[in-house]
Amino acid sequence: MPMADVRPFLEALAAANPDPRSELDYTDPYTLLIAVVLSAQTTDAGVNRATRTLFAEAPTPEAMVRLGVEGVGQHIRTLGLWQGKARNVVELSRLLIERHGGEVPRDREALEALPGVGRKTASVVLNVAFGESAMAVDTHIFRLGNRTGLAPGKTPREVEDALVRRIPPDMLRNAHHWLILHGRYVCKARVPECWRCVAAQWCRYPDKTPPPVEKPAKRKSP
DNA sequence: ATCCCGAGGG
DNA sequence: CCCTCTGGAT
């Protein structure tokens with residue numbers, strides 16, 4: 001049975017996933033754009049750290065171009081795929097100046113025309129920084145949408161459309177973030193931890209896995 | 001060993 | 001659809 005109303009589900013996820021944007025201003029489109037470009041094949045902690053030190057040195061597109069590929073690389077060497085990302089960050093910044101007066105365009109086509117920016121990155125920027133009705137579907141959200149009944153679909157695009165259609169407009173902003181965190185840390189691919197899921201009561205997933213049996217604490221053994 | 005909060009290209 | 005680029009976490 002499909003979830004009748006997605007609002008309680010999303011409210012529970014929102015409450016369980018406090019806004020992680022504390023040290024960095026991810027409401028700033030440029031900061032967010034760079035952070036998301038850096039995020040592929042890496043951990044969130046790594047991206048946060050790299051973005052923080054990078055922006056301390058080059059907070060604007062102009063400064064980023066001046067810093068150059070080598071300079072950017074210094075900040076992101078611990079991330080996966082960092083060589084390509086360093087090139088993308090600099091070239092993308094140059095194009096922002098050349099095409100958009102140094103601003104991040106509020107436009108999907110313009111965003112996706114930038115190197116290193118695909119559909120998912122553009123969606124996150126449009127949604128989180130600009131408040132547009134966009135969703136990005138990765139493996140976590142795809143699985144969660146189908147498993148929970150929130151947004152069933154055979155293809156990522158179908159799931160995406162279902163999400164944009166079903167999620168109340170006032171909840172769309174940041175919904176991507178709540179869903180992705182929930183999919184990563186609770187509604188996991190192999191072993192979903194339903195016993196600590198705040199939204200289990202609205203979920204149709206049949207496998208309500210029990211909590212792991214508490215192993216006897218290891219006393220000082222002989 | 002396996003999996004990523006992807007994009008670009010064949 | 002497939003593959004490659006890459007480092008870190010588990």
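In what follows, every chain begins at residue 1, and chains take the letters A, B, ... in the order their sequences are listed.
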(request) Tell me whether the OP1 or OP2 atom of B/dA7 has a side-chain N or O from A/T121 closer than 4.0 Å. (result) yes

(request) Please name the residue in the list A/R108, A/R173, A/R106 that meets the salt bridge (charged side-chain N to carboxylate O under 4.0 Å, His left out) test with A/E132. (result) A/R106

Just the rounded figure in Å: distance from [atom2] of [N] to [atom1] of [X].
| X | N | atom1 | atom2 | result |
| --- | --- | --- | --- | --- |
| A/R157 | B/dG6 | CZ | P | 18 Å |
| A/K120 | B/dC4 | NZ | P | 11 Å |
| A/D138 | B/dA7 | CG | C1' | 14 Å |
| A/I180 | B/dC3 | CD1 | P | 17 Å |
| A/L79 | B/dA7 | CG | C1' | 16 Å |
| A/K85 | B/dG8 | NZ | P | 13 Å |
| A/L81 | B/dA7 | CG | P | 12 Å |
| A/I141 | B/dG6 | CD1 | C1' | 13 Å |

(message) Are A/L38 and A/W82 packed together at the side-chain level, in the sense that at least one heavy-atom pair is separated by less than 4.5 angstrom?
(response) no

(request) Kindly indicate whether the side chain of A/R119, heavy atoms from C-beta on, has any atom under 4.5 Å from the side chain of A/R157. (result) yes

Using a 4.0 Å heavy-atom cut-off, does [X] contact any base of the nucleic acid, only the sugar-phosphate backbone, or nothing at all?
| X | value |
| --- | --- |
| A/G118 | sugar-phosphate |
| A/L114 | sugar-phosphate |
| A/V47 | nothing |

(message) Closer than 3.5 angstrom, by distance alone: can the side chain of A/N127 be matched with the main-chain N or O of A/L172 as a donor-acceptor pair?
(response) yes

(request) Determine yes or no for a side-chain-to-main-chain donor-acceptor pair under 3.5 angstrom, with A/T42 supplying the side chain and A/A40 the backbone. (result) yes

(message) Expected output is a numbered-order residue list: members of residues 92-100 of chain A with a heavy atom under 4.0 Å from any atom of DNA chain C. What is it?
(response) none

(message) On DNA chain B, does the nearest nucleotide to A/A122 precede the nearest nucleotide to A/T42 from the 5' side, or the other way round? Give the residue.
(response) A/T42

(request) Between A/Q83 and A/T43, just flag the one whose closest nucleotide in DNA chain C comes earlier from the 5' side. (result) A/Q83

(message) Need to verify one output field. Residue with the more 5' nearest nucleotide on DNA chain C, A/Q41 or A/R184?
(response) A/Q41

(message) With a 4.5 Å cut-off on side-chain heavy-atom distances among I, L, V, M, F, W and Y, is there a chain of contacts connecting A/V69 to A/L33?
(response) yes

(message) Of all nucleotides in DNA chain C that come within under 4.0 Å of a heavy atom of chain A, which is furthest toward the 5' end and which toward the 3' end?
(response) C/dC5 to C/dA9

(request) With rounding to the nearest 0.5 Å, note down the distance linking NZ in A/K85 to CD1 in A/I34. (result) 12.0 Å

(request) Drop me the distance from A/M135's CE to A/I180's CD1, to the nearest 0.5 angstrom. (result) 8.5 Å

(request) Identify the heavy atoms of A/V117 and A/A122 that sit nearest to each other, and give their distance. (result) CG1-N, 4.0 Å

(request) Quick one: do A/E98 and A/R94 satisfy salt bridge (charged side-chain N to carboxylate O under 4.0 Å, His left out)? Show the steps, please. (result) CA-CA 6 Å; A/E98 184 177 296; A/R94 195 186 66 73; 2.7 Å; yes

